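For ligands, and for the atoms within them, numbers begin at 1 and follow the listed sequence. Note that the structure is predicted; figures quoted are calculated from it, not measured.
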Amino acid sequence: MNVFTRLGIPGFFDVHTHFLPPTVMAKVRAVFDSAGPLIGREWPLTYRDEDDVLVETLRSFGVRRFSALAYAHKPDMAEFLNEWSAGFADRHPEALRCGTFYPEPGAADYVRKRIEAGVELFKVHVQVGAFHVTDPLLDDAWGVLAEAGTPIVLHAGSGPVPTAFTGPGPVEDLLGRHPRLALVMAHMGAPEYAEFLSMAERFVNVRLDTTMAFTEFFEEMGGRYPAELLPRLAALGDKVLLGSDFPNIPYPYEHQIDSIELLAQRHAGLDDAWLRRVLWSNGHELFDARA
Ligand SMILES: [Zn+2]
């Protein structure tokens with residue numbers, strides 16, 4: 001029996017996949033290929049096709065809903081990405097309408113405008129972007145997002161390579177100021193798993209995504225998920241969302257799913273009800289039921 005029949009779900013809901021303008025995707029691939037300073041190790045990408053083929057590939061895995069996360073690393077880039085992402089969502093109805101923002105004048109205005117135009121999910125990457133989530137130029141944008149309740153996938157953990165901008169401290173400060181923000185902590189907050197898990201426990205709209213977590217590749221990099229946190233992770237079953245980082249992953253997509261299932265087999269609290277929520281229902285309720 002396949003996982004969909006066993007769990008009674010229509011497919012996977014993956015909140016953390018990347019689709020980018022072709023010129024930007026080419027640059028991202030070059031960074032992974034060169035194992036650049038923010039990557040830290042060999043990262044042989046498994047999937048390098050054009051978008052239409054990648055979307056078909058996701059469908060072939062049983063992914064029914066997915067995101068198209070882009071993120072800016074310099075000023076005057078976010079809106080170019082947002083415009084492209086809007087077109088992508090128009091072409092692919094099962095894709096979430098995604099956006100991004102950067103600490104720059106006008107950020108709050110274009111975030112508000114994009115939410116009004118239907119953006120359902122934002123992405124912010126403090127390591128690649130090289131900014132603090134507490135940057136004053138972001139404060140109004142966070143306020144708009146907190147009020148709207150629009151989720152934001154936030155890469156703020158110190159993996160794969162820490163910088164002056166990564167780590168849980170600034171995110172705690174941000175949540176102190178905007179406690180209702182719907183942050184989705186990418187990679188389960190790796191490697192600061194305990195600190196980001198604690199935020200998901202304390203703040204009503206904070207969630208975690210599984211991106212790359214529990215895979216052999218990630219665990220070898222020193223990102224092993226601490227066994228003592230698993231009972232708390234089991235209790236947070238309604239706040240954990242499937243994410244994968246497809247297509248920028250150095251292993252087949254199935255390995256992400258298998259790794260989560262293997263983890264669940266080993267720990268009694270992570271039962272089929274937990275898997276059902278993580279692999280489908282949580283994403284479905286957050287985005288489809290909300291729309
Ligand atoms: Zn990612």
Quiz item: Got a sec: is H187 within less than 2.8 Å of the Zn ion (ligand 1) via an N/O/S atom?
Solution: no
Practice problem: Indicate the ring-plane relationship of W43 and F32, choosing parallel, tilted or perpendicular according to the 30° and 60° boundaries. | Solution: tilted
Quiz item: Please state the angle at the Zn ion (ligand 1) spanned by NE2 of H16 and NE2 of H18: what is it, rounded to 10 degrees?
Solution: 100°
Self-check item: Heteroatom test (N, O or S) for H155 near the Zn ion (ligand 1), limit 2.8 Å
Solution: no
Quiz item: Do the ring planes of W142 and F101 sit parallel (below 30°), tilted (30 to 60°) or perpendicular (above 60°)?
Solution: perpendicular
Quiz item: How are the rings of H155 and H125 set to each other: parallel, tilted or perpendicular (split at 30° and 60°)?
Solution: parallel
Quiz item: Which is the closest N/O/S atom of D245 when seen from the Zn ion (ligand 1)?
Solution: OD1
Quiz item: Is there a donor-acceptor contact under 3.5 Å from the side chain of R207 to the main chain of V240?
Solution: no
